[in-house]
Amino acid sequence: MKKFNILFMAIAMILSINQTLIAQENQQSAPKIYNGPTDYFGFSGYLQGAGREGKLFKGEQFVQSETAKYIFESLYFHGTYGLENQDDPAIIAHWASKGLTKEVYDIDDADRMWSVFTPNGIYQSYDEGHKFPLVFCLHGNDNEILLAETYGFAELGGEEGFITVIPWAKNEDIILEEIPRILDILREKNYPIDESRIYATGFSKGGMATMRAGMNFPEMLAAIAPGGAGPASVVGENDEALNAVGPSLGFTAEQYANAAKYTLPVLFFGGTCDNMPINSNAKNWIGITGAVAPEITDETVANTTANSGYGVERMTGLNYDLDGMEIRALDGTYYYIGSYFNEDGICTFRTVAVEGAPHWLIRSESAVVWEFLSQFSRDRSTGKLLYSK
């Protein structure tokens with residue numbers, strides 16, 4: 001809760017100091033580029049502590065964006081009521097206005113609490129027997145489940161017709177217990193889940209937990225999308241990184257080979273002031289998706305980042321050759337989207353780099369992620385991956 005409150009107060013500073021900073025910038029001959037979010041967010045050492053001090057954060061652009069306003073409003077709303085008041089009528093009305101019903105389970109257990117969001121009228125407005133896709137949305141390190149509600153997936157589920165589950169994901173290991181436990185509870189309560197369309201996504205430590213979920217449940221998950229975290233490496237059986245909490249997260253060659261048997265689609269996303277450009281460990285994950293790609297090494301990533309034109313390749317660090325590349329203008333910034341295809345011409349590996357974004361999930365990312373995830377389903381009897389455009 002402490003870290004959540006710090007983030008809430010930090011974001012709240014955005015509006016109070018914005019006009020002062022703009023006035024100062026207007027006195028200069030050129031727009032000021034800030035080296036870290038401390039200039040707006042107010043917590044020192046943010047980029048330095050995350051190893052991002054070398055990446056320029058365009059604070060003066062971000063603070064005026066619709067995304068910054070959305071973050072502020074979301075944090076204000078959730079910070080006002082807190083975990084202990086989730087049955088308040090204002091909470092119910094808030095989510096109902098977004099086309100959703102929110103339920104909280106295990107609320108008295110700080111290590112097991114989780115929430116589920118279902119589209120309104122789930123048993124009335126849809127055809128009898130209709131089944132809904134389910135998205136596990138995993139929050140970051142030391143955050144609480146309320147913060148993950150600001151990611152945009154719950155709201156998107158109300159619009160697109162999928163169930164969003166936000167489990168307590170305090171570390172990467174607990175998620176391996178929580179996903180099957182929660183699914184069993186939902187089944188017992190007869191939630192209309194489409195078992196062929198279960199997905200996982202998350203941000204920061206939630207992105208790491210997403211990778212761990214994908215590696216351990218490739219026969220169940222139709223696709224995954226880790227955000228705010230670099231691709232995990234290959235480690236030995238006795239390597240400490242197998243149980244590490246941090247950027248050294250890794251999996252054995254045997255684990256990667258097992259996931260590859262099921263062809264698991266993967267999308268990595270994040271900001272260019274965060275985990276993009278991507279690192280060379282991407283090759284491990286491309287392998288489990290069945291995509292065909294050129295060789296990826298530290299050298300190729302460095303050369304692509306330094307020498308490519310200002311576009312998808314430069315922003316992501318990967319050379320896409322003739323595969324899909326797209327630049328979209330969303331939420332006041334640019335999304336650089338690169339894809340590798342499998343032998344059937346289907347995009348099974350994708351990266352999304354959000355220009356100027358810090359270590360925070362930008363609202364439109366949820367829609368871009370869902371666009372990718374929703375194309376895939378999995379035959380639960382055979383484990384075979386299925387694709388529908």
Side-chain angles (χ1 to χ4, degrees), residues 7 11 62 65-75 77-78 94-95 97-100 102 114-119 132-140 143 145-167 169 197-211 213-214 221-229 265-272 274-276 326 328-337 339 347 350-376:
L7 287 171
I11 298 294
F62 182 75
S65 69
E66 289 300 314
T67 291
K69 295 176 183 177
Y70 172 82
I71 291 171
F72 171 78
E73 291 170 358
S74 298
L75 288 175
F77 178 85
H78 297 301
H94 170 77
W95 289 109
S97 71
K98 298 177 181 295
L100 292 161
K102 175 182 178 178
W114 55 284
S115 58
V116 56
F117 297 81
T118 53
F132 293 81
L134 185 148
V135 175
F136 281 99
C137 179
L138 313 181
H139 62 74
N143 299 147
I145 58 175
L146 295 183
L147 190 65
E149 292 180 3
T150 71
Y151 291 173
F153 288 98
E155 292 173 311
L156 189 64
E159 300 169 7
E160 297 289 333
F162 63 82
I163 297 171
T164 303
V165 172
I166 302 179
R197 301 185 67 196
I198 299 176
Y199 312 96
T201 186
F203 193 78
S204 193
K205 183 57 68 65
M208 295 180 183
T210 298
M211 285 184 268
L221 296 173
I224 63 172
V266 180
L267 179 150
F268 281 97
F269 66 98
T272 58
D274 188 20
N275 60 306
M276 291 293 169
E326 180 184 0
R328 297 187 195 176
L330 298 168
D331 273 353
T333 188
Y334 290 101
Y335 281 52
Y336 295 82
I337 304 171
S339 305
C347 169
R350 176 165 288 170
T351 50
V352 179
V354 185
E355 186 175 12
H359 191 61
W360 200 281
L361 199 152
I362 308 302
R363 178 174 50 175
S364 289
E365 286 176 303
S366 61
V368 174
V369 167
W370 174 244
E371 177 185 273
F372 176 82
L373 297 179
S374 63
Q375 302 174 99
F376 303 101

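Not measured: the values here are computed from a predicted model.
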Measuring from atom [atom1] of [X] to atom [atom2] of [Y], what distance do you get when rounded to the nearest 0.5 angstrom?
X: Phe376; Y: Leu221; atom1: CZ; atom2: CG; result: 13.5 Å
X: Leu138; Y: Lys205; atom1: CG; atom2: NZ; result: 12.0 Å
X: Thr164; Y: Phe153; atom1: OG1; atom2: CZ; result: 8.5 Å

Any donor and acceptor pair, going by atom type alone, linking the side chain of [X] with main-chain N or O of [Y] inside 3.5 Å?
X: Glu155; Y: Gly152; value: no
X: Arg197; Y: Ser374; value: yes
X: Thr210; Y: Ala200; value: no
X: Thr201; Y: Ala225; value: yes

Sequence neighbours excluded, which residues qualify as side chain to side chain donor-acceptor pair (under 3.5 Å) partners of [X]?
X: Ser366; result: none
X: Glu159; result: none
X: Ser115; result: none

If you take all heavy atoms of [X] and [Y], which pair is closest and at what distance?
X: Pro226; Y: Val266; value: CD-CG1, 4.0 Å
X: Tyr199; Y: Ala222; value: CE2-CB, 3.6 Å
X: Gly270; Y: Asn275; value: CA-OD1, 3.2 Å
X: Val352; Y: Arg350; value: CG2-CG, 4.2 Å
X: Ala154; Y: Trp95; value: CB-CZ3, 4.1 Å
X: Glu355; Y: Thr333; value: O-OG1, 2.6 Å

Q. So, Arg328 and Glu371, do they make that salt bridge, N to O below 4.0 Å?
A.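 Answer for the salt bridge query: yes.
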
Q: Quick one: list whatever passes side-chain contact (heavy atoms from CB on, under 4.5 Å) with Ala148, sequence neighbours left out.
A: Cys137, His139, Tyr151, Ile166

**Q.** Ala353: partners by side-chain contact (heavy atoms from CB on, under 4.5 Å), with sequence neighbours left out
**A.**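 Listed in chain order: Thr272, Met276, Met315, Thr316, Tyr336.
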
Q) Taking the side chain as C-beta and beyond, is there a heavy-atom pair between Leu100 and Thr118 under 4.5 Å? A)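 When only atoms from C-beta onward are counted, Thr118 and Leu100 do not touch, as no gap falls below 4.5 Å.
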
Q. Does the side chain of Tyr335 come within less than 4.5 Å of Val368's, by heavy atoms?
A.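 In short, these two side chains touch, coming nearer than 4.5 Å.
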
Of all residues at least two apart in sequence or in a different chain, which pass the ring-ring contact (aromatic ring centres under 6.0 Å, His included) check with [X]?
X: Tyr334; result: none
X: Phe162; result: Trp370
X: Trp114; result: Tyr105
X: Phe203; result: His359

Q: Just do the side-chain contact (heavy atoms from CB on, under 4.5 Å) check on Lys102 and Glu149 with the steps written out, would you?
A: CA-CA 11 Å; Lys102 175 182 178 178; Glu149 292 180 3; 2.4 Å; yes

Q.
Quick one, Thr351 with Ile337, criterion side-chain contact (heavy atoms from CB on, under 4.5 Å). Give me CA distance, side-chain angles, the key distance, then yes/no.
A. CA-CA 6 Å; Thr351 50; Ile337 304 171; over 6 Å; no

Q) Which is it for Met211 and Phe268 under the side-chain contact (heavy atoms from CB on, under 4.5 Å) test, yes or no, and what are the steps along the way? A) CA-CA 10 Å; Met211 285 184 268; Phe268 281 97; 3.9 Å; yes

